Amino acid sequence: MDTASNRDIQALIGPLRAGDVRTLARVISVIENRATGWSDLLKALFPYTGRARVIGLTGAPGAGKSTLVDHLARFYRKQSHSVGIVAVDPTSPYTGGAILGDRIRMQEHFADPGIYIRSMATRGSLGGLARTTADVTTLLDASGRDIILIETVGVGQDEIDIVRLADITVVILVPGMGDDVQTIKAGIMEIADIFVINKSDRDGAERVEREIRALQSLALRHDGWTPPIVKAVASEGTGVSEVAAAIADYEEYLHEKNLAREKSVQNWQERLVEMLRDAMLEKARAQLGDGNLAKLAAEVAEHKRDPYTLVEEIAAKAHT
Ligand SMILES: Nc1nc2c(ncn2[C@@H]2O[C@H](COP(=O)(O)OP(=O)(O)OP(=O)(O)O)[C@@H](O)[C@H]2O)c(=O)[nH]1
Ligand SMILES: [Mg+2]
C-alpha cells in the first residue's frame with residue numbers, strides 16, 4: 001500500500017501543485033486508502049486549495065450525466081481551463097452497462113493531460129464515500145484544476161452530502177419519470193442551482209418543466225435565486241453551452257450578492273460536523289477495541305445493560 005512519510009509529503013507538494021498527473025494519482029490513492037500520512041498530506045495541501053470551481057452533477061441512473069459531463073469538460077477545455085472529473089460510481093445493477101460506456105467514452109480524454117478523470121471506489125470505501133470524494137476534490141483543487149466536475153447518481157443522502165461540497169449543483173432530470181417528479185420534491189429542490197431536462201428529444205420535456213416551475217412557485221429560496229431550467233440533448237451536444245452559461249450566471253449572481261462566502265461557510269459547517277463525527281467515532285471505536293461492540297450489543301439485547309449509560313460511558317472515555 002502507498003504511504004507518505006513527512007519527507008515524501010514535502011517532495012510531493014511541488015509536482016502535485018504543478019499538476020503532475022502521476023503524483024496526483026499517487027496522492028489520491030494514499031488518501032483513498034487512508035494510508036500512513038494521509039491526514040498530514042491533506043493538512044499540507046489545504047493552504048493551496050479554494051481556487052477551483054466545483055460543479056456537482058446529479059440525477060437518476062442513465063439520465064445522461066456522463067454524457068453531459070463529457071461535453072462540459074470539452075467546453076471548458078476549449079476555454080483553456082484544466083478540468084478534473086470525479087465519477088462516483090453508481091452501484092445500481094441497472095447501470096452496469098453504463099459504467100462500461102463511461103470508460104469507453106472517457107478514454108477519449110486520456111490523451112489530453114488537461115482532463116483528469118478519477119472513478120471513485122463504490123460505497124463502503126474507507127472513510128465513507130462523501131468524505132473521500134471531498135478529499136479527492138481537495139487534491140484536484142490543490143493540483144491546480146480550474147474546474148472540477150463531480151458526477152454522482154442520485155439522489156440519496158450520500159449524494160446530497162456529496163453535492164454539498166460543490167459550489168454549484170446541477171440536477172439532471174429526464175422526461176417520462178412519472179412519479180419521480182414527486183420524489184424530487186424531497187431532496188433535490190433544495191440542492192438544485194440549475195435544472196437540466198436532458199433527453200429533451202423525447203416527449204414530455206415540457207411537462208417536466210411545468211412541474212419544476214410549479215414546485216418552484218411554492219418555495220422561494222433564501223438566496224433569492226430561481227434555478228433556471230435548461231433543456232438539453234446531451235447525446236447530440238445540444239444545450240451544453242446553455243448549461244455552461246447557466247453555471248456562469250449563477251456564479252455571477254453569487255458574486256454580485258456576496259453569497260459565495262456565505263455558501264462556503266455553510267458547506268464547511270456541514271463538513272466540519274461530519275469530520276467531527278468521524279473523528280469522534282474513530283476514537284470511540286479505538287476505545288472499544290475490536291469485537292467488543294458485538295459483545296456489548298448482546299448485553300444490551302439481553303437487557304443486561306442499558307444502552308444510555310453505556311454510550312455515556314464510552315463517550316466519556318473516548319473523550320479523554
Ligand atoms: N435520447 C437521448 N439519449 C441520451 C441523451 N443523453 C444521453 N443519452 C443516452 O443515455 C444513455 C445513458 O447516458 P449516460 O451519460 O451514461 O447516463 P448517466 O446518467 O451517466 O448514467 P449512470 O452514470 O449509469 O447513472 C446513453 O446511452 C446515452 O447515449 C439524450 O439527450 N437523448
Ligand atoms: Mg455516468
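Predicted model, so just to flag it, every value in this text is computed and none were measured. Just follow the structure's listing: the first ligand is 1, and inside any ligand the first atom is 1.
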Got more than 12 heavy atoms from elsewhere within 6.0 Å of CD, Gln79?
->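 Counting neighbours around CD of Gln79, more than 12 heavy atoms of other residues, nucleotides or ligands fall under 6.0 Å, so yes.
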So for Glu151, does at least one of its heavy atoms come nearer than 4.0 angstrom to any atom of ligand 1?
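Heavy atoms of Glu151 do come under 4.0 Å of ligand 1.
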Does an N or O anywhere in [X] fall below 3.5 Å from an N or O of ligand 1?
| X | value |
| --- | --- |
| Ser200 | no |
| Gly64 | yes |
| Gly62 | yes |
| Arg202 | no |
| Ala234 | yes |

What's the separation between atom [atom1] in [X] and atom [atom2] in [Y], rounded to the nearest 0.5 Å?
| X | Y | atom1 | atom2 | value |
| --- | --- | --- | --- | --- |
| Asn198 | Lys231 | CG | NZ | 12.5 Å |
| Ile194 | Ile247 | CD1 | CD1 | 5.0 Å |
| Ile229 | Gln216 | CD1 | CD | 5.0 Å |

Closer than 2.8 Å to the Mg ion (ligand 2), do we get an N, O or S atom from Ser66, backbone or side chain?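 It does; at least one qualifying atom falls short of 2.8 Å.
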Point to revise | N/O/S atom name from Glu151 that is nearest to the position of the Mg ion (ligand 2) | key: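 The atom in question is OE2.
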Notebook entry, point to check: Any salt bridge (charged side-chain N to carboxylate O under 4.0 Å, His left out) pairs touching residues 295-304, not counting sequence neighbours?
Noted result: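 Residue pairs passing salt bridge (charged side-chain N to carboxylate O under 4.0 Å, His left out), neighbours aside: Glu299-Arg305, Glu302-Lys304.
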message = Show every salt bridge (charged side-chain N to carboxylate O under 4.0 Å, His left out) that has at least one partner inside residues 212-229, sequence neighbours left out.
response =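 For residues 212-229, and leaving out neighbouring residues, the salt bridge (charged side-chain N to carboxylate O under 4.0 Å, His left out) pairs sorted by first residue read Asp193-Arg221, Arg221-Asp223.
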Out of all atoms in ligand 1, which are within 4.0 Å of some heavy atom of Val153? Include the element for each.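 Here the atoms of ligand 1 in question are 25 (O).
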If you count the atoms of ligand 1 from 1 in the order shown, which ones are under 4.0 Å from a heavy atom of Val233?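 Those atoms are 30 (C), 31 (O), 32 (N).
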Which bit of Asp201 gets closer than 4.0 Å to ligand 1, counting heavy atoms only: side chain, backbone, both or neither?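 The part of Asp201 near ligand 1 is the side chain, not the backbone.
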What part of Thr67, side chain from CB on, backbone N/CA/C/O, both or neither, has a heavy atom under 4.0 Å from ligand 1?
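For Thr67, the contact with ligand 1 is made by both the backbone and the side chain.
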Next item on the list: Before giving the answer on side-chain contact (heavy atoms from CB on, under 4.5 Å), spell out for Asp201 and Lys199 the whole-Å C-alpha distance, their side-chain angles and the decisive distance to 0.1 Å.
Entry: CA-CA 5 Å; Asp201 50 330; Lys199 308 200 181 183; 3.9 Å; yes
Glu313 bridged to Lys317 by N-O distance under 4.0 Å
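No, this pair does not count.
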